[in-house]
There are 4 protein chains.
Amino acid sequence: MAEPRFQRRKEDRPAEITQAALAAFAEKGYAGTRVDDVAKRAGVSKGLLYLYFKTKEDLFKAVIRSFLSPRIDALISNIEETELSAEEFVRGPFLEFATSLPKSPAKILVRLMIAEGPKHPDLIAWYWDNVVSRALDALRTLIKRGVDNGEFRKSALDEFPQLLITPIFFSMVWTLLFQPHTDLDTDRFIEAHVEMVLDSIKVKYQ
Amino acid sequence: MAEPRFQRRKEDRPAEITQAALAAFAEKGYAGTRVDDVAKRAGVSKGLLYLYFKTKEDLFKAVIRSFLSPRIDALISNIEETELSAEEFVRGPFLEFATSLPKSPAKILVRLMIAEGPKHPDLIAWYWDNVVSRALDALRTLIKRGVDNGEFRKSALDEFPQLLITPIFFSMVWTLLFQPHTDLDTDRFIEAHVEMVLDSIKVKYQ
Amino acid sequence: MAEPRFQRRKEDRPAEITQAALAAFAEKGYAGTRVDDVAKRAGVSKGLLYLYFKTKEDLFKAVIRSFLSPRIDALISNIEETELSAEEFVRGPFLEFATSLPKSPAKILVRLMIAEGPKHPDLIAWYWDNVVSRALDALRTLIKRGVDNGEFRKSALDEFPQLLITPIFFSMVWTLLFQPHTDLDTDRFIEAHVEMVLDSIKVKYQ
Amino acid sequence: MAEPRFQRRKEDRPAEITQAALAAFAEKGYAGTRVDDVAKRAGVSKGLLYLYFKTKEDLFKAVIRSFLSPRIDALISNIEETELSAEEFVRGPFLEFATSLPKSPAKILVRLMIAEGPKHPDLIAWYWDNVVSRALDALRTLIKRGVDNGEFRKSALDEFPQLLITPIFFSMVWTLLFQPHTDLDTDRFIEAHVEMVLDSIKVKYQ
DNA sequence: AATGAATGAGGGTTCATTCAT
DNA sequence: CATGAATGAACCCTCATTCAT
């Protein structure tokens, strides 16, 4: 019944701490989170936390880096390797990805990025290089494929692939802020947008 | 309506402080801003600041409340009083409003709302009641008018007027974060989106 | 009877704090002294201390700089302006200065310098420039005057004026360390040394 | 006297640690030295270090005790067993000892003693009993022998044998502090002092 | 009304020491 | 014996807030 006060679990610690930190940052924001709290959440002493992360900022960066990125990696390789037509891909895997994001903790990360980003330019840079620009390229590839296929006509989407993901951001931010005041059905919202985009760029006949 | 020629004596003190606070919060975020700095920026002593605002949080709320809202009020009354057709209004006043926002300090307010909102639910509530829901209603009115006019067909936009403003938020957040890494032409981006929406909902012929 | 919690005494604060800090550092050394304690000793809040001294190190430097130096300044100007013969000066004012030092708080400063000096090279440099090298020059002047007068013969003291002050340092360090174990009569010890030196350099007859 | 050829297997662990600790303390002082660092320097784990030394303070005392003392032991027995005249001894072995000290790590120990001594009275006591008072006695013996021999006249040195070692301390402290700012030739400085002392106490003629 | 000196709770970080492995 | 992961008490410093002037 006596739980040992010491537990050596070197392997798992960083992930556990990172997990706990995400939860804490999500609730209180960066400044509002006390390192003590993160440690407590992780079931760990403050000292140990500092063994794995040199500073609170370090911890924050580790949190940001370790989430979201895998998800996007999956989407990207999916785009590259799929055998679906462009429209099928958009209606299938892309839509699934798009609608899942606002329900995931990614939402929280977006908040943190927006809130704290300006103070951590290197973090933004890392994100741009490793996540955003790659995702953008993948989207461009997908759209170009549709155009080359004759599925899509040439459109502003060629230049602004962001037009496709606009409602994802919006949903995340909207629910983050106004959840108690409204209940946006993000799935249908995003679907409607995608439908609208497809409607606008699909080659209609013949 | 006659503007008093001499003013700015005293007693727009609160406004001056609020102004200074916006600048400070914009630069450093809420937690990163020291009350001292705000006072210095406003050319006022710390003590005086506390005469007008009971706490730092109070000051923050005053800042948030005093900006953005007038702008939206204008848009709303514009919608209500315009004699333009729905499409003309979207292409005209709405687009102008939409493209101007990402260049204005509103961007910063959005950041502050996202960053600090969760800690200030009453602020969010105030915003919802006084700004967001009213703006949403106005948009709905506008769209409904278009449908009633026979300009627009029935569409998801009826339920989700947000589909129209999606790229405004996106532009603001995007430039906030990735300004140094990319240069999104927000004007053309937003125009492209609006065009796409109109393309999708306009009754095409006959 | 109720003492006001706040007391505005801007002028006196730095000196009071510096005073308290000397006492604290003397008792516990630099590392062993808590800023809190210094504040308490000075009857002041920790925060106020940081208003006047940016860091603990800053405070330490201020303490070191503000003591000892005036004492030596006096000796130096004394040497420059005296009308006594060299021997008279040594037996009179110099001896008085020399014997008083080991009983003064200077002892403590010497300890602090020795203990902490290596970590604060700029402090050492300041001391060298403002105190030590000037004192050395003054001593050299004094001895040279004696030689020029025909009071003293040429000797190693010309090159090493430090030979005169050797027992001062020794007395300070010795009592610092071994006070409880021995009772060196520093006055007579230093006198004996000075006598010995004079005996050795005085031109004896004719 | 036969030195065992193979050694250094294990179990001069304590000595190795003590060695490493001296180096560390010398560089950073007591408070500035991390136990971790000492362990690393000694090529040993922190846990093992704590096997040999119960606390950091313990380690510190061990360091202090293990150095300097052997050197002085040698001098003392030298004084007791020598067949040289008092003057010859002073000019020979004593001077050699005196000039070598300021160049040795003893200097560092002196610093540590001065800096940390007041916090470790038992260490001081140990030093007094085992090193200082014995050294003092030996010096007294030497001087008395000179007087009894008719080499020296009666003088203050009889009461204050410290007058002989004054410049040793001085040289150590001086170089410790002002090394970069001056270059005292400690050998010649100490020689000059000794010469002066002898000059003063030697029976001059017949 | 206006100032800014003064307060003190609170948070990030370090590091001597312990103990499971 | 040996390791180094884990603990937690301290300590420096900041800053929102108060109040004597």
Side-chain angles (χ1 to χ4, degrees), chain A residues 4-14 31-40 42-59, chain B residues 10-11 13 30-40 43-59, chain C residues 4-13 31-40 42-59, chain D residues 10-11 13 30-40 43-60:
Chain A
R5 204 158 46 108
F6 275 66
Q7 287 236 18
R8 295 172 82 91
R9 300 216 324 286
K10 190 185 179 182
E11 306 309 320
D12 314 334
R13 291 310 196 196
T33 295
R34 300 206 310 279
V35 173
D36 257 333
D37 288 346
V38 174
K40 208 160 292 170
V44 144
S45 74
K46 208 181 356 172
L48 187 61
L49 191 155
Y50 275 92
L51 203 65
Y52 294 109
F53 304 94
K54 235 185 293 301
T55 65
K56 186 187 182 187
E57 192 180 332
D58 236 53
L59 172 61
Chain B
K10 194 167 278 203
E11 316 321 309
R13 239 38 173 309
Y30 178 77
T33 296
R34 298 198 326 265
V35 174
D36 253 333
D37 288 346
V38 174
K40 205 160 294 169
V44 146
S45 77
K46 220 182 344 173
L48 189 56
L49 190 156
Y50 271 91
L51 209 64
Y52 293 110
F53 304 94
K54 228 182 295 302
T55 66
K56 185 186 181 187
E57 194 181 331
D58 240 50
L59 171 62
Chain C
R5 204 156 47 104
F6 275 67
Q7 289 237 18
R8 295 172 81 91
R9 298 218 324 285
K10 191 184 178 182
E11 306 308 323
D12 315 334
R13 292 311 195 194
T33 296
R34 300 207 309 280
V35 174
D36 258 332
D37 287 346
V38 174
K40 208 160 293 168
V44 145
S45 75
K46 206 183 355 175
L48 187 59
L49 191 155
Y50 275 94
L51 204 65
Y52 294 108
F53 305 93
K54 236 188 292 302
T55 65
K56 185 188 181 185
E57 192 180 332
D58 238 52
L59 172 62
Chain D
K10 194 166 279 199
E11 316 324 307
R13 236 44 173 303
Y30 178 76
T33 296
R34 299 198 325 267
V35 174
D36 253 332
D37 287 346
V38 174
K40 206 160 291 167
V44 146
S45 78
K46 217 183 343 178
L48 190 57
L49 189 155
Y50 271 91
L51 210 65
Y52 292 110
F53 305 93
K54 229 182 294 302
T55 67
K56 187 188 182 186
E57 194 180 331
D58 241 49
L59 172 62
F60 177 67

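First the proteins, then the strands, lettered A, B, ... as listed; each starts at 1. Atom set for the values below is all heavy atoms of this structure, side chains included, hydrogens, waters and symmetry mates excluded.
Which of E:dA6, E:dG12, F:dA2 sits closest to the side chain of D:R13 comes down to F:dA2. Side chain of B:Y52, nearest nucleotide from E:dT17, E:dA2, E:dT13: E:dA2. Nearest nucleotide to the C:Y50 side chain, out of E:dA5, E:dA16, F:dC12: F:dC12. The side chain of A:L48 has F:dA6 as its nearest neighbour among F:dA6, E:dT17, F:dA2.
Closest approach of C:A31 and D:A31 over heavy atoms only: CB-CB, 3.3 Å. Pairing each heavy atom of D:R13 with each of D:V44, the nearest pair is NE-CG2, 4.1 Å. The shortest heavy-atom contact between A:V35 and A:Y50 is CG1-CE1, 3.6 Å.
Between B:K56 atom NZ and F:dT18 atom C1' there is a gap of 17 Å when expressed in whole angstrom units. For the pair A:K40 NZ and E:dG11 P, the computed distance is 11 Å after rounding to whole Å. Atom CG in D:D37 sits about 15 Å away from atom P in F:dG4, given to the nearest Å. The separation between A:D36 atom CG and F:dA10 atom P is 15 Å, rounded to whole Å. B:L49 places its CG atom 12 Å from the C1' atom of E:dA2, with the value rounded to the nearest Å. Atoms CG (A:D58) and C1' (E:dG12) sit 13 Å apart, rounded to a whole Å. D:R34 has its CZ atom 16 Å from the P atom of F:dG4, to the nearest Å.
Of all nucleotides present, only E:dT14 satisfies the Watson-Crick or G-U wobble test against F:dA9, with each distance under 3.5 Å. E:dC19 is paired with F:dG4 under the criterion used here, namely a Watson-Crick or G-U wobble arrangement in which both key atom distances are under 3.5 Å.
Toward the 5′ end of DNA chain F lies the nearest nucleotide of A:G43, the other residue of the pair C:G32 and A:G43 mapping further downstream. Mapped onto DNA chain E by nearest heavy atom, A:K54 and C:L51 fall at different nucleotides, with C:L51 at the one closer to the 5' end. Residue whose closest nucleotide on DNA chain E sits further toward the 5' end, between A:E57 and C:V44: C:V44. Between A:S45 and C:T33, the one whose closest nucleotide on DNA chain F sits nearer the 5' end is A:S45.
The residue C:F53 sits apart from the nucleic acid: no heavy atom pair falls under 4.0 Å.
Residue side chain B:K46 does not reach the base of E:dT3 through any donor-acceptor N/O pair under 3.5 Å, judged by distance alone.
Rounding to the nearest 0.5 angstrom, the gap separating the CG atom in C:L51 from the CG atom in C:L48 is 5.5 Å. To the nearest 0.5 Å, atom CG of residue D:D37 and atom NZ of residue D:K46 are 10.0 Å apart.
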